[in-house]
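To start, the structure itself, in structure tokens.
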Amino acid sequence: MSDYLAPSASLEPSAEDSLQNPQFLVDLREQMLRFASLQLQDVQLAEDAVQEALVGALKNSRSFKGRSALKTWVFAILKNKIADILRQRQRFVDADQLVRGDREECDHDELFDQTGHWRKDERPKKWADPESAIHDKHFWRIFDACLNHLPSRQAQIFMMREFIELESHEICAAAEVSVSNLNVTLHRARLRLRECLEDNWFGVEG
Amino acid sequence: MKSCRGATRLMSESQERNLLFSEQASLKLHLAMCAPCRNFGRQLHALRRISKSYAGGGPEKTGE
């Protein structure tokens with residue numbers, strides 16, 4: 001899945017050793033739990049999904065070449081479980097979230113002027129090497145913070161699309177939104193997220 | 001001519017659906033003249049790449 005994981009395979013701990021390592025397990029579990037809770041907005045459901053994925057990994061620990069293969073695998077399992085739960089869930093939106101959604105109507109007017117062109121300070125700049133950011137743990141902290149800054153509805157829908165990789169029609173059913181509403185929400189989330197990443201990471205260096 | 005707001009909306013939607021020929025054409029025209037929107041387009045791809053990596057468990061921490 002991730003090509004950057006491959007080259008160092010011989011140096012990394014084996015999957016079996018990793019699963020014997022309490023610190024590794026605690027970190028992994030916490031990372032998975034954060035991911036699942038964000039997406040499901042329900043701690044109990046998230047814990048169940050994480051638990052199932054981890055138990056599966058422990059059962060199959062011999063079949064992984066190394067730690068990164070194991071990690072990729074448990075996250076793939078977790079993603080599938082979350083996708084199943086989201087697809088099954090018909091009533092997902094509470095009234096409060098819908099109201100909040102409406103209040104966000106004009107939120108990117110601060111980015112564009114009246115003719116719909118970028119305001120001068122808001123124009124997207126060139127990003128230096130997004131690929132290397134992926135390998136930098138400080139970047140992930142910024143990324144998390146930027147996600148947390150999105151209005152919750154935007155974050156949820158963005159994550160359904162980009163993390164769980166649901167298709168539009170699946171998100172519309174799970175989150176009970178129209179296609180046009182979905183498109184508007186994703187547009188806003190992407191505008192905000194890229195702005196936040198540029199302000200706090202890509203625009204800061206050099 | 002398409003506004004930057006409209007161009008970014010089309011670029012965003014192109015990650016969910018194929019754009020109509022007319023949409024593609026007007027987007028291309030806009031992008032030919034607008035560097036900030038070209039940057040935005042590249043950033044959308046980066047965002048998708050970053051999200052994929054995040055959902056795969058984030059950075060590999062071997063050797064830390």
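Proteins get letters first, then strands, A, B, ... in listed order; numbering begins at 1 in each.
For a residue to count as touching a neighbouring chain, one of its non-hydrogen atoms must lie under 4.5 Å from one of that chain's; by this rule A:Leu147 touches chain B with the side chain only. For A:Leu197, the part lying under 4.5 angstrom from a heavy atom of chain B is the side chain only. For B:Arg42, the part lying under 4.5 angstrom from a heavy atom of chain A is the side chain only. Only the side chain of B:Leu44 comes within less than 4.5 Å of a heavy atom in chain A; its backbone stays farther off. With a 4.5 Å cut-off on non-hydrogen atoms, A:Leu70 does not touch chain B at all.
Heavy-atom pairs under 4.5 Å with chain A peak, among B:Arg9, B:Met11, B:Arg38, B:Glu16, at B:Glu16. Of the residues considered (A:Thr115, A:Val179, A:Asp113, A:Asp144), A:Asp144 shows the highest number of contacts with chain B, using heavy-atom pairs under 4.5 Å. Chosen from A:Lys125, A:Arg123, A:Glu167, the residue pairing most often with chain B at heavy-atom distances under 4.5 Å is A:Lys125.
A:Glu198 has a carboxylate O that lies under 4.0 Å from a charged side-chain N of A:Arg194, or vice versa, which qualifies the two as a salt bridge. Taking 4.0 Å as the cut-off between side-chain N and carboxylate O, A:Glu170 and A:Arg87 count as a salt-bridged pair.
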- Task: I would like to know whether A:Arg190 and A:Glu162 meet salt bridge (Lys or Arg N to Asp or Glu O under 4.0 Å); could you show each step before the answer?
- Result: CA-CA 11 Å; A:Arg190 286 164 176 154; A:Glu162 300 293 348; 2.7 Å; yes

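Using cut-offs of 30° and 60° on the angle between ring planes, the pair A:Trp127 and A:Phe202 is parallel. Under the 30°/60° scheme for interplanar angles, the aromatic rings of A:Phe163 and A:Phe158 are found to stand perpendicular.
Of the N and O atoms on the side chains of A:Asp27 and A:Gln31, not one donor lies less than 3.5 Å from an acceptor on the other residue.
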